[in-house]
Amino acid sequence: MSITINGEEYTTFSDYMDDESRVSKAEKAQIEFETALIRKLVEAREAKGLSQRDLAELSGVKQPAIARLESMKSTPQIDTLFKVLSPLGYTLSIVPIEK
(Lines give C-alpha, C1' and ligand atoms only; values in the text may rest on other atoms or scores of the structure.)
Protein backbone atom coordinates (compact mmCIF):
# COMPACT_ATOMS: atom_id res chain seq x y z
CA MET A 1 0.00 0.00 0.00
CA SER A 2 1.23 3.50 -0.73
CA ILE A 3 0.01 7.03 -0.34
CA THR A 4 0.48 10.05 -2.54
CA ILE A 5 1.29 13.33 -0.82
CA ASN A 6 1.58 16.43 -3.03
CA GLY A 7 2.21 14.26 -6.06
CA GLU A 8 4.93 12.16 -4.38
CA GLU A 9 4.33 8.48 -3.63
CA TYR A 10 5.37 7.06 -0.28
CA THR A 11 4.93 3.49 0.94
CA THR A 12 5.56 4.14 4.64
CA PHE A 13 5.65 7.03 7.06
CA SER A 14 9.39 6.39 7.39
CA ASP A 15 9.78 7.00 3.65
CA TYR A 16 8.22 10.42 4.13
CA MET A 17 10.26 11.20 7.25
CA ASP A 18 13.49 10.14 5.51
CA ASP A 19 12.85 12.44 2.53
CA GLU A 20 15.05 15.42 3.43
CA SER A 21 13.30 17.54 0.81
CA ARG A 22 10.16 17.21 2.97
CA VAL A 23 11.49 16.89 6.52
CA SER A 24 14.85 18.40 7.44
CA LYS A 25 17.26 16.61 9.76
CA ALA A 26 16.51 19.18 12.46
CA GLU A 27 12.74 18.72 12.10
CA LYS A 28 13.12 14.95 12.18
CA ALA A 29 15.28 15.15 15.33
CA GLN A 30 12.70 17.38 17.01
CA ILE A 31 9.83 15.03 16.11
CA GLU A 32 11.78 12.01 17.37
CA PHE A 33 12.66 13.82 20.62
CA GLU A 34 9.09 14.92 21.29
CA THR A 35 7.75 11.44 20.51
CA ALA A 36 10.26 9.77 22.85
CA LEU A 37 9.57 12.31 25.61
CA ILE A 38 5.80 11.85 25.46
CA ARG A 39 6.13 8.06 25.22
CA LYS A 40 8.25 8.09 28.41
CA LEU A 41 5.79 10.38 30.18
CA VAL A 42 2.86 8.06 29.37
CA GLU A 43 4.87 4.97 30.38
CA ALA A 44 5.83 6.59 33.70
CA ARG A 45 2.24 7.64 34.42
CA GLU A 46 0.89 4.18 33.64
CA ALA A 47 3.69 2.46 35.62
CA LYS A 48 2.59 4.44 38.69
CA GLY A 49 -1.01 3.39 38.04
CA LEU A 50 -2.14 6.98 37.58
CA SER A 51 -4.92 8.21 35.35
CA GLN A 52 -4.60 11.53 33.59
CA ARG A 53 -6.98 12.94 36.19
CA ASP A 54 -4.76 11.63 39.02
CA LEU A 55 -1.69 13.21 37.43
CA ALA A 56 -3.60 16.46 36.99
CA GLU A 57 -4.37 16.57 40.70
CA LEU A 58 -0.76 15.80 41.66
CA SER A 59 0.82 18.21 39.19
CA GLY A 60 -1.60 21.12 39.17
CA VAL A 61 -1.90 20.84 35.38
CA LYS A 62 -5.46 20.45 34.13
CA GLN A 63 -6.44 17.01 32.78
CA PRO A 64 -7.35 18.30 29.29
CA ALA A 65 -3.86 19.82 29.02
CA ILE A 66 -2.33 16.45 29.94
CA ALA A 67 -4.53 14.75 27.34
CA ARG A 68 -3.40 17.23 24.65
CA LEU A 69 0.22 16.71 25.69
CA GLU A 70 -0.06 12.90 25.59
CA SER A 71 -1.79 12.94 22.20
CA MET A 72 0.85 15.37 20.91
CA LYS A 73 -1.80 17.91 19.98
CA SER A 74 0.17 20.60 21.76
CA THR A 75 3.80 21.29 22.54
CA PRO A 76 4.27 21.73 26.28
CA GLN A 77 6.01 24.65 27.91
CA ILE A 78 9.08 23.66 29.92
CA ASP A 79 7.44 24.67 33.20
CA THR A 80 4.47 22.40 32.38
CA LEU A 81 6.83 19.50 31.70
CA PHE A 82 8.49 20.01 35.09
CA LYS A 83 5.10 20.10 36.81
CA VAL A 84 3.95 16.88 35.12
CA LEU A 85 7.23 14.96 35.37
CA SER A 86 7.94 15.76 39.04
CA PRO A 87 5.13 13.62 40.57
CA LEU A 88 6.26 10.80 38.27
CA GLY A 89 9.77 10.96 39.72
CA TYR A 90 11.42 12.47 36.64
CA THR A 91 13.06 15.73 35.63
CA LEU A 92 14.56 17.15 32.46
CA SER A 93 18.27 17.42 31.93
CA ILE A 94 20.72 18.30 29.20
CA VAL A 95 23.16 15.54 28.36
CA PRO A 96 25.76 15.12 25.62
CA ILE A 97 24.67 13.33 22.46
CA GLU A 98 26.21 9.87 22.32
CA LYS A 99 27.84 9.03 19.02
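Position 1 is the first residue of the sequence, and the numbers go up from there.
- We find the NZ-NZ distance between K25 and K28 to be 9.5 Å, quoted to the nearest 0.5 Å.
- Scanning both residues, S71 and R68, for their nearest heavy atoms gives OG-O, 3.3 Å.
- Under the 4.0 Å criterion applied to side-chain N and carboxylate O atoms, D54 and R45 are not assigned as salt-bridge partners.
- The CZ atom of R39 lies 12.5 Å from the CD atom of E34; values are rounded to the nearest 0.5 Å.
- Looking at Q52, E57, R53 one by one, the single match for side chain to side chain donor-acceptor pair (under 3.5 Å) with Q63 turns out to be Q52.
- Other cluster members for M72: F33, L37, I38, L41, V42, L50, L55, L58, V61, I66, L69, I78, L81, F82, V84, L85, L88, Y90, L92, joined by side-chain heavy-atom distances under 4.5 Å among Ile, Leu, Val, Met, Phe, Trp and Tyr.
- A56 and K62 get closest at one heavy-atom pair: CB-C, 4.0 Å.
- The backbone N or O of P76 lies less than 3.5 Å from no partner atom in the side chain of T80, so there is not a single donor-acceptor pair.
- Checking side-chain atoms of E27 against main-chain N and O of S24 turns up a donor-acceptor pair under 3.5 Å.
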